[in-house]
Structure formats: C-alpha cells, structure tokens
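Worksheet: one structure, shown below.
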Amino acid sequence: MRLSRFFMPVLRDTPKEAEIISHQLMLRAGLIKQESAGIYAWLPLGLRVLQKVNAIVREEQNRAGAVELLMPTIQSADLWRESGRYEAYGKEMLRIEDRHEREMLFGPTNEEMVTEIFRTHVKSYRSLPLNLYHLQWKFRDEVRPRFGVMRSREFLMKDAYSFDLDAAGARHSYNKMFVAYLRTFARFGLKSIPMQADTGPIGGDLSHEFIILADTGESEVFCHKDTLDFATPPSNTNFDDAVTLQATVDKWTSLYAATSEKHDVAAYEAIEAGKRVSARGIEVGHIFYFGTKYSEPMKAQVQGPDGKPVTVHMGSYGIGPTRVVAAVVEASHDANGIVWPVPLAPFEVALINLKSGDKDCDQACNDLYHKLEQAGLSVLLDDTDERAGAKFASMDLIGLPFQLIVGPKGLKSGEVEIKERKTGERVTMPVEAALRRLVELVSARRFMG
RNA sequence: CGGGGCGUAGCUCAGCCUGGUAGAGCGCUUGCUUUGGGAGCAAGAAGUCGUGAGUUCGAAUCCCACCGCCCCGACCA
C-alpha cells in the first residue's frame with residue numbers, strides 16, 4: 001500500500017476524551033474513530049489489525065474442532081422469553097421495535113439463538129460433540145462505556161457454544177477451548193494466564209477468565225511466577241485426546257492464579273517468596289460451562305443410544321477481538337507510539353522514502369516495494385513529500401515492526417537502513433542484503449506459539 | 001443511576017467572571033526556501049460559539065430547559 005493513496009488520519013495531539021494509553025494511541029494512530037459513546041468506526045489501519053486478530057481466532061477455533069457459522073445481530077424477543085432472559089437481562093439489552101411493532105433486540109449474546117438452531121437440526125447423540133462459533137457484533141448498553149474499544153457498547157465477539165451428551169463430554173469440549181485459547185493469545189504475542197472465574201449457578205471449576213498482563217491493566221491479578229513460563233500447547237495438539245488435553249489443563253491450573261475478586265490472600269501468601277507475582281491484567285477471554293441452563297427450558301434434546309431423549313450439556317466461550325486490539329496496545333507500546341507484534345501488525349514493513357521526488361529514492365523504493373511484496377511481506381510505502389522527521393514520527397506512532405529507510409545519502413553508496421521498531425536498533429546495509437534480512441526477520445516472527 | 005466536569009475551526013485550547021458580534025498553536029490550501037527525527041517565510045480557506053427558549057438596543061459571554069461527551073462510583077467481554 002502506498003501511503004499517498006491510503007487513508008490513515010493520524011493525529012498529532014491527543015484527543016481529550018481518551019484517558020488510557022491504548023485509547024489515546026488508537027485514536028492518534030488513526031485506528032478508530034468514535035461515533036457515539038462506546039461506539040466506534042474502525043478505520044483502515046485498525047481494521048487490518050482486527051482482521052488479523054480474527055484470522056488467528058478462526059485458525060485456532062477450527063483447529064480445536066469448532067465450526068463457524070454466522071448468526072444475526074438482531075434477534076426476536078420471543079426467543080429470549082423461552083429462556084426467561086428477556087425479563088432478566090435488564091437495561092443492558094438494547095430493545096427495539098420493528099415497523100410491525102414486533103419486539104426485537106440487538107443481541108448481547110447468542111445462547112438462545114444457537115440453542116434454537118441446534119434443537120431444530122440436531123436430533124441424534126451421534127451428531128455430538130458439536131461446537132458452533134461465530135464472530136459477530138454485539139451490543140450491550142453499558143451504563144458507562146469507557147476506555148475506547150476496551151469497554152465499548154458495540155463490540156466484536158467470537159463466541160463458541162459446545163453441545164455434549166453429558167458433563168464428562170462437556171468437560172472435554174471445555175478443555176479443547178481452554179487449550180485453543182492458550183494458543184490463540186500466544187499467537188497475539190500475549191502471555192495469557194487462565195484464572196478461576198465465577199461459575200454462577202452451576203458451580204464447579206469450569207469457568208476461567210484469560211488474563212493478559214499489562215502495566216495499565218484494569219484489574220489487579222495475582223499468580224505464581226512459574227505460570228508465566230508454562231509452554232504453550234503445540235500446533236499439533238490432538239484435540240480428540242481427552243486424557244492428554246486434561247493433563248495440559250491440569251498443569252495450567254495447578255498453580256495459584258486469581259483476579260482481585262477471587263483473590264485468596266492465604267493461598268497467595270503460601271506461595272514461596274520470590275515466586276509471587278502481583279500485577280495488572282486485562283481480561284481477553286472467558287470460557288464457561290453452564291450445563292443445561294438453556295437446553296432445559298428450550299428443550300434442546302437429542303436421542304441417546306438407548307432411544308431416550310437426553311438434554312444436552314452446553315458451554316460458551318468468548319473472545320472479544322475489538323478488546324484484544326486495545327489490550328495488545330496496552331501491553332505493547334512506548335513513548336513514541338504503538339509497537340505491533342508481527343502477527344498482528346497492519347503492515348509488516350514501513351518502507352520510508354526520505355526524499356519523494358528524488359529519482360534515485362523513488363526508483364529504489366518502488367523496486368524494494370515490489371520485491372518485498374513479491375516475497376510475501378505486507379508493506380506500507382511512505383511516498384508522501386513530508387519531511388523526514390514527520391515520517392519517522394508517524395511510522396513510530398503506528399508501530400509497524402520494521403522500518404526500511406531509504407534516503408539519498410545512503411543510496412549514494414548503495415545502502416539502506418533497517419530499523420526495528422521495538423528496540424529502536426538500526427542497521428545500515430546494502431539494498432539486496434537488507435531485502436534478504438527483512439524477509440528473514442519478518443518470517444521468523446510471524447508465527448508465535 | 002448517584003456525584004463531578006466539559007461542549008468555541010479537523011485537533012489542542014484561549015476568550016465567558018466584568019455582554020459590544022470570535023482568536024492562537026498545530027493541521028489544511030498556494031508560492032518560495034528547506035530536506036536523515038514532527039522546518040522557515042509569505043499569502044489563504046475554514047466556526048449555525050452543542051440545541052432551543054429567555055433577559056437585553058446588543059449574548060460565545062447572563063438566566064432556564066434539553067442534548068451530547070468525559071471522569072469517579074455501582075456494573076460488565
């Protein structure tokens with residue numbers, strides 16, 4: 001992409017409504033624009049990041065055996081009356097009426113709808129286990145939206161819903177998502193820690209929040225230091241192997257880890273000195289087993305091996321991609337702006353033409369641009385006639401992982417400069433060598449976890 | 001929903017107290033000079049002063065109502 005033909009409205013000043021750093025940087029870097037309280041437009045640069053998040057979420061959901069579908073944003077109130085939640089949900093639910101005065105709502109979640117789809121089409125135990133997921137916009141009319149897309153009213157959500165014959169099967173389904181989440185967050189370049197969460201009316205130990213650590217995180221979290229060093233489950237994990245999967249989950253839940261709401265001071269202080277971690281965290285995922293809470297009232301049943309009807313056991317599993325983008329910015333930025341991990345970067349390379357209009361610079365940049373793209377890298381070529389300083393500042397702000405700097409001085413001796421955004425390290429080398437080096441650097445960092 | 005604050009140019013803000021019909025910096029346009037970390041000079045475009053209703057000869061400024069946005073609290077992915 002050529003910057004001169006792109007749409008990237010960066011701001012020099014910090015808009016006053018933004019309080020936390022991720023919100024400030026997302027506005028300044030031209031990722032999002034607020035349209036109303038808690039409602040944001042995703043500008044091209046932000047959309048590219050969001051799409052990368054979504055792609056990784058999909059890969060890992062699919063790998064774990066979940067099947068994608070897409071349910072609508074607008075739902076019928078009647079569906080929610082079946083589960084009793086239409087009355088119970090409260091003012092967070094945005095209720096609307098269509099021209100025929102039918103009661104509708106903008107979905108805050110999809111348990112009812114997916115259960116309705118399931119019961120219509122699935123009649124036999126042989127179809128289980130089943131996990132259906134979708135990526136869809138949701139609306140929760142928060143009393144007080146804040147922190148930009150970290151806590152917005154409209155937000156994108158990946159939610160998966162599992163269906164099993166019994167509690168044991170549901171636990172296996174739960175474990176699949178548990179492992180998929182560890183892999184997903186690792187690929188975002190984030191260290192996530194599963195923490196025991198409130199299980200509500202069902203009880204048991206089958207609910208976890210996935211927390212990532214960030215100095216500016218919303219909540220206080222406590223954990224054992226060794227949890228941070230647990231290995232991410234590999235990409236060739238066999239998700240059908242219930243025993244091994246359980247062992248992985250057991251390991252990840254073996255050490256103390258809790259948010260401030262669930263904090264047990266005694267258990268925390270029982271951790272050996274030097275291994276206690278007290279930090280700030282952001283919740284980026286939540287998985288939940290809720291048994292027959294919806295299948296019972298909504299009569300989601302299959303015929304069992306013995307011919308008798310069985311009410312299915314369900315679980316739901318959420319990741320908020322829009323929130324993840326903000327969380328990554330919180331976890332990865334410096335005084336100059338965002339620092340994207342390669343897997344989520346809107347472009348992998350910033351190709352900076354320090355003197356647009358100069359024949360040698362233009363030609364070298366065009367050549368490098370095409371060669372990098374041919375090598376499969378995504379490149380944002382700054383071909384504008386801004387001054388060098390302004391270009392550097394903008395590119396640092398939007399945080400592309402690598403900058404390839406081409407100027408008339410270096411070109412005289414056939415050299416260009418590579419700067420790594422994260423470290424600020426700069427290396428000067430011949431054009432062809434820089435090309436090879438960049439391809440190496442980017443491909444080495446593309447796949448994490 | 002309780003408490004607090006703010007709405008003036010694309011962005012950050014001054015002007016309001018003490019009414020006289022709107023400004024600065026950045027950004028944008030044009031020209032010249034510059035050109036390796038947010039350049040300089042000159043000229044220029046750009047605002048129903050959130051909305052409505054009052055007071056007044058006259059309202060960005062004073063009064064009232066409403067709307068929007070932000071922060072703290074309760075609530076949540």
Side-chain angles (χ1 to χ4, degrees), chain A residues 9-20 23-24 27-28 30 33-40 57 89-93 107-110 135-160 181 197-198 200 207-212 218-219 259 261 281-288 316-327 335-337 352-358 361 382 384-398 403-412 415-417 419 421 424 426 428:
Chain A
V10 297
L11 305 174
R12 196 160 172 169
D13 298 310
T14 300
K16 64 174 175 180
E17 73 265 22
E19 187 75 3
I20 62 168
H23 191 193
Q24 295 175 349
L27 289 169
R28 286 193 55 212
K33 179 184 179 303
Q34 177 169 332
E35 292 300 334
S36 185
I39 300 178
Y40 291 83
V57 167
Y89 213 94
K91 289 190 164 181
E92 274 197 357
M93 179 186 283
T109 179
N110 288 70
L135 276 148
Q136 179 61 288
W137 292 94
K138 296 190 183 310
F139 195 92
R140 289 184 193 167
D141 199 358
E142 297 277 351
V143 190
R144 191 184 154 208
R146 62 183 125 174
F147 305 146
V149 295
M150 185 76 83
R151 172 112 180 254
S152 51
R153 293 197 292 171
E154 188 183 66
F155 56 98
L156 191 62
M157 183 85 160
K158 183 287 299 182
D159 40 337
Y181 275 34
D198 202 349
S207 180
H208 287 90
E209 289 180 2
F210 286 74
I211 305 285
I212 62 120
E218 57 193 343
S219 55
T259 59
E261 297 87 42
I282 300 169
E283 182 185 345
V284 287
H286 196 162
I287 61 178
F288 209 95
S316 71
Y317 316 89
I319 294 177
T322 42
R323 164 175 260 229
V324 161
V325 174
N336 295 323
I352 304 178
N353 184 344
L354 285 183
K355 194 168 183 181
S356 297
D358 175 272
C361 285
D382 188 343
T384 65
D385 55 7
E386 283 294 315
R387 298 170 61 79
K391 292 189 178 199
F392 289 134
S394 289
M395 286 303 184
D396 283 351
L397 174 62
I398 68 169
Q403 295 173 8
L404 180 54
I405 302 161
V406 178
K409 289 179 190 169
L411 273 187
K412 277 188 182 135
E415 289 185 319
V416 293
E417 192 173 25
K419 173 183 159 186
R421 174 65 180 85
R426 301 150 147 256
T428 301

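A, B, ... follow the sequence lines: proteins, then strands. Residue 1 opens every chain.
Comparing the same atom, P, in B/C49 and in B/A60 gives a spacing of 7 Å after rounding to whole Å. Spacing of C1' atoms, B/G40 relative to B/A22, comes out at 28 Å, to the nearest Å. Comparing the same atom, P, in B/G15 and in B/C76 gives a spacing of 42 Å after rounding to whole Å.
Nucleic acid contact for A/A390: base, since at least one base atom lies under 4.0 Å from a heavy atom of the residue. Using a 4.0 Å heavy-atom cutoff across all strands shown, A/G410 reaches at least one base atom of the nucleic acid. The residue A/G407 sits close to a base: some heavy atom pair falls under 4.0 Å. Within 4.0 Å (heavy atoms only), A/K138 reaches no atom of the nucleic acid at all. Nucleic acid contact for A/D396: base, since at least one base atom lies under 4.0 Å from a heavy atom of the residue. Backbone-only contact: A/G389 has heavy atoms under 4.0 Å from sugar-phosphate atoms and none from a base. Within the 4.0 angstrom heavy-atom criterion, base atoms lie near A/S394. Among the heavy atoms of the strands, none lies under 4.0 Å from A/S356. A/I405 comes within 4.0 angstrom of a base, heavy atoms only. Residue A/L11 is out of contact with every strand shown, counting any heavy-atom pair closer than 4.0 Å. Note on A/E209: nothing from the nucleic acid sits closer than 4.0 angstrom, heavy atoms only.
Looking only at side-chain heavy atoms (C-beta outward), A/R421 and A/N336 come within less than 4.5 Å of each other. With a 4.5 Å cut-off on side-chain heavy atoms, A/I282 and A/R323 count as touching. Two residues are said to be in side-chain contact when any heavy atoms from C-beta on lie closer than 4.5 Å; A/L27 and A/T14 fail this criterion. A/E386 places none of its side-chain heavy atoms less than 4.5 Å from the side chain of A/F392. Counting heavy atoms from C-beta outward, A/E209 and A/S219 have side chains that stay 4.5 Å or more apart.
Across the protein-nucleic acid pair, A/I352 atom CD1 and B/U35 atom C1' stand 15 Å apart, rounded to whole Å. Distance, A/L397 CG to B/G27 P: 15 Å, rounded to whole Å. In this entry the distance linking CZ of A/R144 with P of B/C70 reads 9 Å, nearest Å. The separation between A/D382 atom CG and B/G37 atom P is 15 Å, rounded to whole Å. Atoms CD (A/E154) and C1' (B/C76) sit 17 Å apart, rounded to a whole Å. Atom-to-atom, CG of A/D358 to P of B/G36 comes out at 13 Å; the value is rounded to the nearest Å. Counting to the nearest Å, the C1' atom of B/G31 and the CG atom of A/D385 are 14 Å from each other. In this structure, A/D141 places its CG atom 20 Å from P of B/A74, rounding to the nearest Å.
Between the side chains of A/Q136 and A/D159, not a single donor N or O lies within less than 3.5 Å of an accepting N or O.
Nearest-nucleotide positions on RNA chain B for A/V10 and A/I20 put A/V10 closer to the 5' end. Annotation: of the two residues near RNA chain B, A/V143 and A/F147, the 5′-most nearest-nucleotide partner is A/V143.
Between the side chain of A/K391 and the backbone N or O of A/T384, at least one donor-acceptor pair lies under 3.5 Å.
Residue-to-nucleotide contacts include no donor-acceptor pair under 3.5 Å from the side chain of A/R146 to the base of B/C76. Contact of A/D13 with B/G27 (side chain to base): no donor-acceptor pair of N or O atoms is detected under 3.5 Å. Side-chain N/O atoms of A/R426 and base N/O atoms of B/G37 include a donor-acceptor pair closer than 3.5 Å. In the interface, the side chain of A/K419 is paired with the base of B/G37 through a donor and an acceptor atom under 3.5 Å apart.
Closest non-hydrogen pair, A/Y181 versus A/Y317, comes out as OH-C, 2.9 Å. The nearest pair of heavy atoms linking A/G38 to A/S152 is O-CB, 3.3 Å.
The A/K91 side chain lies nearest to B/C1 when the options are B/C1, B/G36, B/C13. Closest to the A/E92 side chain, of the nucleotides B/G37, B/C76, B/C71, is B/C76. Here the side chain of A/P408 is nearest to one of B/C72, B/G36, B/C75, namely B/G36.
If you check B/U35 for Watson-Crick or wobble pairing at under 3.5 angstrom, you find it has no partner at all.
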Which pairs, protein N/O on one side and nucleotides 66-69 of chain B N/O on the other, fall under 3.5 Å?
from  : atom 1 : to    : atom 2 : distance (Å)
B/C69 : OP1    : A/S36 : OG     : 3.1
B/C69 : OP1    : A/A37 : N      : 2.7
B/C69 : O3'    : A/Q34 : NE2    : 3.2

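A sub-4.0 Å separation between OP1 or OP2 of B/G37 and a side-chain N or O of A/R387 is absent.
Between A/R151 and A/E142 there is a salt bridge, with a side-chain nitrogen of the basic residue lying less than 4.0 Å from a carboxylate oxygen of the acidic one.
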